[in-house]
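The structure displayed is predicted, hence computed values, not measured ones. Heavy-atom basis, side chains included; hydrogens, waters and symmetry copies ignored.
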Amino acid sequence: MKVFNTLSRQKEEFVPLQEGKVSMYVCGPTVYNLIHIGNARPMVVFDTARRYMEHKGYAVNYVSNFTDVDDKIIKKANEEGVDPSVISERYIAECKKDMEALNVKPATVHPKATEEIDGMIEMIQTLIDKGHAYVAQDGTVYFKTRSFKDYGKLSHKNLDDLRSGERSLLVSGEEQKQDPLDFVLWKPKKEGEPYWESPWCEGRPGWHIECSVMSRKYLGEEIDIHAGGEDLIFPHHENEIAQSEAANDKEFAKYWMHNAFLNINNRKMSKSAGNFFTVRDISEKYDLQVLRFFMLSAHYRSPLNFSADLMEAAKNGLDRIVSCVGNLSFLMENAADGEMSVDERRLVEEAETYVTKFDEAMDDDINTADAISAIFELVKFTNTNVSEQSGKAFIRALKDEIVMLSDICGLIVDKKEEILETEIEALIQERQDARKAKNFARADEIRDMLAAQGIILEDTREGVKWKRA
């Protein structure tokens with residue numbers, strides 16, 4: 001298995017620090033509002049990577065944080081006249097609802113910044129003691145960027161270029177810096193803000209320090225994979241490396257994985273420009289499984305453009321897989337038991353080639369686009385080779401393979417059968433009897449009655465099927 005390492009800018013063979021185990025940290029959202037679809041892309045992408053690693057037999061310790069203290073959270077809390085924790089807890093709960101609807105597995109641990117303040121103070125003090133940080137007159141603590149000789153190794157930015165380059169590239173901070181590139185580890189409190197006691201002043205941590213601390217606490221000083229959106233490469237992840245390696249004297253993360261931006265109508269998604277959709281917005285029009293399918297239809301390192309047309313294409317693509325699995329479930333109900341025939345065993349062996357293609361795609365830097373193509377090929381193969389005469393064991397084998405590959409992608413394609421009310425079941429049977437009696441007027445009337453109740457009938461060669469509108 002190979003992954004593209006942002007650190008080396010090339011694909012590398014994935015070899016975990018501990019055989020059979022993977023430690024993985026994925027930067028989570030700042031919880032001041034509903035998550036948007038840009039937030040959801042890394043959640044979906046790296047959840048899929050986790051699922052595939054677990055499929056390969058790895059025990060994955062997957063940590064993803066919630067930033068629950070931030071200027072935006074405080075601003076919203078002040079607007080509503082509530083404690084910032086009310087805002088953060090509200091939107092953590094909403095985020096978890098969206099993650100569940102996207103079929104994103106809960107992390108092994110979802111740490112919150114406000115619960116890890118002691119660890120942040122401890123790491124900051126270590127950095128001060130080692131000469132990598134200093135305390136300004138007002139109690140602000142800064143990281144001394146030039147003290148870390150490898151600064152810039154992830155983003156491949158040169159310190160002198162940063163110093164003389166555009167202001168937008170400079171790491172943000174307050175006054176009193178010894179160097180404009182130094183960044184904040186701890187800042188003094190302001191009126192109306194939450195704060196904590198520290199050796200330097202009453203205040204709160206800078207943003208970058210939280211992930212260094214939470215990663216070390218829950219995964220160790222060295223981890224296998226650190227991941228997130230490409231917008232985090234600089235300065236956030238660059239600063240994490242500097243803090244962690246300066247404090248721990250060890251390589252922080254072996255592999256760095258970053259997903260590309262998600263654009264809307266070919267423009268970068270921007271809240272300030274109003275060019276964004278929340279996950280909840282999309283859920284009003286589509287099952288969020290469609291959004292997940294859409295996000296996996298492109299390679300995670302490729303920019304992805306969101307549009308109504310592409311979402312419709314994703315819906316149709318997912319429906320192809322769901323319909324195939326539904327047909328197989330329907331055929332299994334009346335299929336004959338017993339062992340597979342020689343021809344059926346040969347076809348199952350042939351179907352394994354599509355599983356191999358899926359694995360090869362996922363082994364090539366989690367190439368979900370090609371992996372989904374392999375699922376489509378398996379669906380086409382299945383539709384071509386399964387009939388009413390097929391045995392139950394044969395049908396089940398093909399169905400299990402499609403469901404397994406889809407599940408690795410986090411796609412729910414084996415829909416549980418819904419129970420119709422007795423009255424509706426009776427109407428479906430009455431319609432069948434009317435058709436046999438060539439009373440087509442009554443059959444059409446019953447179809448219309450069921451449609452009015454949200455039950456759509458479909459006459460297939462395997463019999464009558466129904467679905468809710």
(Q) So if I apply the side chain to side chain contact (heavy atoms under 4.5 Å, CB included) rule between Lys254 and each of Val3, Asn5, Leu17, which one comes out positive? (A) Leu17
Q: Could you give me the CA-CA distance, side-chain angles and deciding distance for Glu54 and Tyr62, then say whether side-chain hydrogen bond (donor to acceptor under 3.5 Å, both in side chains) is met?
A: CA-CA 11 Å; Glu54 289 174 340; Tyr62 187 96; over 6 Å; no
Q: Could you list all the salt bridge (charged side-chain N to carboxylate O under 4.0 Å, His left out) pairs where at least one residue sits in residues 11-35, not counting sequence neighbours?
A: Lys11-Asp364
Could you pull out the closest heavy-atom pair between [X] and [Y], with the gap in Å?
| X | Y | answer |
| --- | --- | --- |
| Thr48 | Ile408 | CG2-O, 3.8 Å |
| Tyr218 | Asn61 | O-ND2, 3.3 Å |
| Asp47 | Lys105 | OD1-N, 3.0 Å |

Answer yes or no: is there a side-chain heavy-atom contact under 4.5 Å between [X] and [Y]?
| X | Y | value |
| --- | --- | --- |
| Val45 | Ile366 | no |
| Ser64 | His110 | yes |
| Val386 | Leu328 | yes |
| Pro29 | Phe66 | yes |
| Leu185 | Gln243 | yes |
| Glu116 | Glu210 | no |
| Trp196 | Glu202 | no |

Can you classify the ring geometry of [X] versus [Y] as parallel (below 30°), tilted (30 to 60°) or perpendicular (above 60°)?
| X | Y | result |
| --- | --- | --- |
| Tyr300 | Phe46 | perpendicular |
| Trp207 | His236 | parallel |
| Phe14 | Tyr255 | tilted |

Aromatic ring centroids of [X] and [Y] under 6.0 Å?
| X | Y | result |
| --- | --- | --- |
| Phe183 | Tyr142 | no |
| Phe148 | His132 | no |
| Tyr91 | Tyr32 | no |
| His237 | His258 | yes |

Q.
Strictly below 4.0 Å, N to O, side chains only: are Lys97 and Glu94 in salt-bridge contact?
A. yes
Q | Stepwise side-chain contact (heavy atoms from CB on, under 4.5 Å) test for Val184 and Val141 | A | CA-CA 6 Å; Val184 174; Val141 184; over 6 Å; no
Q) In terms of heavy-atom contacts, does CD of Glu79 have more than 12 from other residues, nucleotides or ligands at under 6.0 Å? A) yes
Q.
Can you confirm whether more than 12 heavy atoms, excluding those of Lys315, are under 6.0 Å from its NZ atom?
A. no
Q: For the pair Asn263 and Phe306, evaluate side-chain contact (heavy atoms from CB on, under 4.5 Å) and give the outcome as yes or no after the intermediate values.
A: CA-CA 6 Å; Asn263 302 317; Phe306 180 91; over 6 Å; no
(Q) Tell me whether the NZ or CZ atom of Arg301 lies within the 45° cone about the ring axis of Phe4 and under 6.0 Å from its centre. (A) yes
Q | Chi angles and distances behind the side-chain hydrogen bond (donor to acceptor under 3.5 Å, both in side chains) call for Gln176, Tyr134 | A | CA-CA 11 Å; Gln176 311 174 79; Tyr134 58 92; over 6 Å; no
Q) Hey, mind stepping through Asp179 and Arg146 against side-chain contact (heavy atoms from CB on, under 4.5 Å) and telling me if it holds? A) CA-CA 8 Å; Asp179 187 300; Arg146 291 185 187 274; 2.6 Å; yes
Q: Please round to the nearest 0.5 Å and tell me the distance separating atom OG of Ser406 and atom CD of Gln289.
A: 9.5 Å
(Q) Does Ser23 form a side-chain hydrogen bond (donor to acceptor under 3.5 Å, both in side chains) with Asp224? I'd like the steps, not just the answer. (A) CA-CA 5 Å; Ser23 52; Asp224 291 306; 3.2 Å; yes
Q: Could you walk me through whether Thr278 and His36 pass side-chain hydrogen bond (donor to acceptor under 3.5 Å, both in side chains), step by step?
A: CA-CA 4 Å; Thr278 66; His36 56 67; over 6 Å; no
